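Computed over heavy atoms, backbone and side chain alike; hydrogens, waters and symmetry mates excluded. The structure displayed is predicted, hence computed values, not measured ones.
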Amino acid sequence: MISNKIKLQNFQLENEILKNKFMELKGKINSKESLKLSWSNWGFGIENLEDSIKRLKNNNLDYIELHGNKYGPDLGYSSIEVNKLLKNYDMKVSGVCGMFSKENDLSSNNPIHRQRAIDYIKRQVEFTAEVGGEYLLVVPAAVGRPVAYDDCEIERSIDSLSRVADIFVEYKIKGAIEPIRAAETSIIHTVAEAREYIERLNHPGIQHINGDIYHMQSGETHIGKAILSSGKSLVNLHMADSNRCALGEGSMDLDSIIMALYILGYNEGNKYVTPEPLGPGADPYPAMNGKNNPKDLDLLVKSSIDYFRFREKEVLSLLK
């Protein structure tokens, strides 16, 4: 008689280990406090901020991650206007998504571009504090430039960020390093590399990690393990399905991600899960300048949030 059982694949074995750790939490975690969901709004393009906030509030979100669009002293959000909207709609800012291109690249071999990155960070940190955000996302090298200039990029990046790191402490903002997949940037592609970067920088203002599930699918051997390895340094987790679209539209193992977050106690304190579905493509930055159909954005948010909360409820039911 032929057996219909086959050995588990490597990722399935890791899933079993993760699930066993999760089941050990039965009776030990505060499962009544759900994971805090935010939403990264720069993928909404040039849409009016009030319309974006309305959409998120209509989908039972209390937090928004703002586009870091203070590209100069005369550009970007006004903290006064943002705070008015936050108050009117009873919303809070989780953090600010820093945007780092070739023109403001911490690792650049062009000192003018490095200086632009330093000046940009100064403006973003001040703005983040003014609107009550917890963190500023920092990418060590330009997104959209996967080919390295040379083998000194990490050294230049660390040197650049060290010159502005004190401002994070001054304004009590968490500097969060985000690993990006190798197809989009030249250095720091994994959680382990982000941790090493933080250790080498060795500054109290830069002690956190902004994870991104889409990038983890390319750079990590197992997403759940990578999340656990982040430990207490993980302050925000960007989410998109395997095709970088709405949650539930791809093959991402969301249950294992949720289990890993609860194992970390991520549902307690100021830590966020932030959908950032941008669609496929090597360079996502054009999305921030586009004009999208509001009905498409409504569906994108609703389907992602509903699916996440459904899977979270399913996962927590295992502990009952």
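- Residues Glu178 and Val138 are not in side-chain contact: their nearest non-hydrogen atoms beyond the backbone lie 4.5 Å or more apart.
- Ion pair Arg309/Glu312 flagged as a salt bridge, since at least one NZ, NE, NH1 or NH2 atom sits closer than 4.0 Å to an Asp/Glu carboxylate oxygen.
- Ion pairing of Glu268 with Lys271 is absent here, as no side-chain N (NZ or NE/NH1/NH2) approaches a carboxylate O to less than 4.0 Å.
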Mind running salt bridge (charged side-chain N to carboxylate O under 4.0 Å, His left out) on Asp150 and Arg156 for me, showing each step along the way?
-> CA-CA 11 Å; Asp150 50 41; Arg156 285 196 298 270; 3.1 Å; yes
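- Salt-bridge check for Asp62 with Lys57: passed, with a basic side-chain N closer than 4.0 Å to an acidic carboxylate O.
- Side-chain contact between Glu65 and Cys97 is present, with heavy atoms from C-beta onward closer than 4.5 Å.
- With hydrogens and angles ignored, the 3.5 Å screen pairs a side-chain donor or acceptor of Ser157 with a backbone N or O of Pro140.
- Glu220 has no carboxylate O lying under 4.0 Å from a charged side-chain N of Lys225, or vice versa, which leaves the two without a salt bridge.
- Ser94 contributes no side-chain N or O that, together with a main-chain N or O of Ser38, makes up a donor-acceptor pair within less than 3.5 Å.
- Aromatic rings of Phe100 and Tyr120 (six-membered ring for Trp) have centroids within the 6.0 Å cut-off, being under it.
- Here Lys54 does not pair with Glu47 in a salt bridge; the nearest charged N to carboxylate O distance is not below 4.0 Å.
- Scanning both residues, Ala260 and Ile227, for their nearest heavy atoms gives CB-CG2, 3.9 Å.
- Ring-plane geometry between His67 and Trp42 is classed as tilted, the angle between the planes lying from 30 to 60 degrees on a 0 to 90 degree scale.
- With His113 contributing its side chain and Lys102 its backbone, the two residues share a donor-acceptor pair below 3.5 Å.
- For the residue pair His222/Asn10, the side-chain donor-acceptor check at 3.5 Å is not satisfied.
- Ionic pairing of Asp159 and Arg114 is present here: one or more N-O contacts between side-chain nitrogen and carboxylate oxygen are shorter than 4.0 angstrom.
- Applying the side-chain contact (heavy atoms from CB on, under 4.5 Å) criterion to Ile80, with sequence neighbours excluded, gives Ser78, Lys84.
- Remark: Arg145 does not engage Glu184 in a salt bridge, criterion side-chain N to carboxylate O under 4.0 Å.
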